[in-house]
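Structure first, then comments.
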Amino acid sequence: MITIQQLYKRFHDLEVLKGISLSIKKGQTAVIIGPSGSGKTTLLRCLNLLEIPDKGSLSIGNRKLEFQENRKIKLQEIMAIRRQTGMVFQGYNLFPHLTALENIMEGQVTVLKRSKAESKQKALGLLEKVGLKDRGDMYPHQLSGGQQQRVGIARAMAMDPEVILFDEPTSALDPELVGEVLKVMKDLANEGMTMVVVTHEMQFARDVADQVIFMDQGIVVEQGTPNEVFGQSSNPRLLQFLNKVN
Ligand code: ADP
């Protein structure tokens with residue numbers, strides 16, 4: 001579903017991604033872990049072209065893009081990749097002036113050109129799925145952080161993406177609200193959604209990931225099943241990181 005090869009990204013003098021290659025199969029959950037500043041978020045943002053990589057290639061579904069430093073990527077190509085990816089952000093990023101239901105309808109109506117009736121139908125189904133059936137008429141400020149994030153997940157799913165990217169989806173939440181969001185994500189993974197998740201929740205990685213990717217200083221240092229990465233690796237950078245977070 002996703003293949004990236006030798007992906008590079010720099011911000012001015014700072015080389016943040018230094019040749020990342022990986023592939024994620026349809027229906028798999030890949031969890032990206034690593035110390036702060038290692039490039040995890042940048043990698044995720046490159047996957048839906050919120051950042052344009054400098055070099056390398058990216059394919060998602062049947063779309064493939066090659067990046068070169070002086071070649072500008074056409075907006076059309078960017079939009080085609082974005083259509084296939086949903087994104088869930090750390091800070092929820094809901095529209096504050098729209099209700100939960102309207103937030104989930106918005107992209108369907110404006111981007112996918114679905115009718116309001118169809119969009120509403122879909123939004124109601126998704127609200128139920130994330131356990132917020134009776135919260136559709138509430139505005140973001142009337143919802144807890146965990147509820148807002150579940151609306152964020154429903155909003156991403158409403159666009160029928162091929163893959164959903166999660167950027168530290170529980171990092172801004174009070175600890176007691178983390179579980180409800182992880183549960184929704186776990187259900188999604190079990191249903192066969194293709195997901196890429198940047199998180200510090202190691203238990204989630206152990207329980208849900210098909211593939212764990214450990215990044216440090218802009219490279220993939222270790223990747224494999226949770227068992228391989230958490231149980232069998234002797235890589236000193238990984239062990240040091242796991243010692244710190246556990
Ligand atoms: P992580 O998600 O692993 O914490 P990030 O991808 O957020 O890492 O950041 C990696 C490095 O890139 C950091 O040093 C960060 O300051 C830098 N960085 C990220 N985005 C930008 C940007 N838009 N402009 C300049 N530097 C950035």
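Numbering of ligands and ligand atoms starts at 1, following listing order.
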Within the 4.0 Å heavy-atom shell around [X], which atoms of ligand 1 are there?
X	result
L14	12 (O), 14 (O), 17 (C)
S38	1 (P), 3 (O), 8 (O)
P35	3 (O)
V16	10 (C), 11 (C), 12 (O)

**Message:** With nothing but distance in play, are any N or O atoms of E168 less than 3.5 Å from an N or O of ligand 1?
**Reply:**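 Not met; the criterion fails.
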**Request:** Could you tell me whether G37 and ligand 1 have an N or O pair separated by under 3.5 Å?
**Result:** yes
**Complete:** Here the pair of heavy atoms bringing K18 nearest to Y8 is C-CE2, 3.6 Å
**Item:** Side chain, backbone, both or neither: V198 near ligand 1, heavy atoms under 4.0 Å
**Value:** neither
**Message:** Strictly inside 4.0 angstrom of atom 5 (P) of ligand 1, do you find any protein heavy atom?
**Reply:** yes
**Prompt:** Hey, is atom 25 (C) of ligand 1 touched by any protein heavy atom at less than 4.0 Å?
**Reply:** yes
**Asked** Could a heavy atom of G218 be found less than 4.0 Å from some atom of ligand 1?
**Response**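 No heavy atom of G218 comes that close to ligand 1.
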**Request:** Report yes or no: does R82 contribute a side-chain atom to a donor-acceptor pair with the main-chain N or O of L49 at less than 3.5 Å?
**Result:**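 Yes, R82 side chain to L49 backbone: donor-acceptor pair under 3.5 Å.
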Between [X] and [Y], is there a side-chain N and carboxylate O pair less than 4.0 Å apart?
X	Y	result
E162	R63	no
K25	D210	no
E201	K186	no

**Request:** With sequence neighbours excluded, tell me which residues meet ring pair (Phe, Tyr, Trp, His ring centres under 6.0 Å) with Y92.
**Result:**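 With sequence neighbours excluded, Y92 shows a ring pair (Phe, Tyr, Trp, His ring centres under 6.0 Å) to no residue whatsoever.
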**Message:** If you take the nearest heavy atom of each of T41, I32, I33, which one is closest to atom 7 (O) of ligand 1?
**Reply:**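 Comparing heavy atoms across T41, I32, I33, the nearest one to atom 7 (O) of ligand 1 lies in T41.
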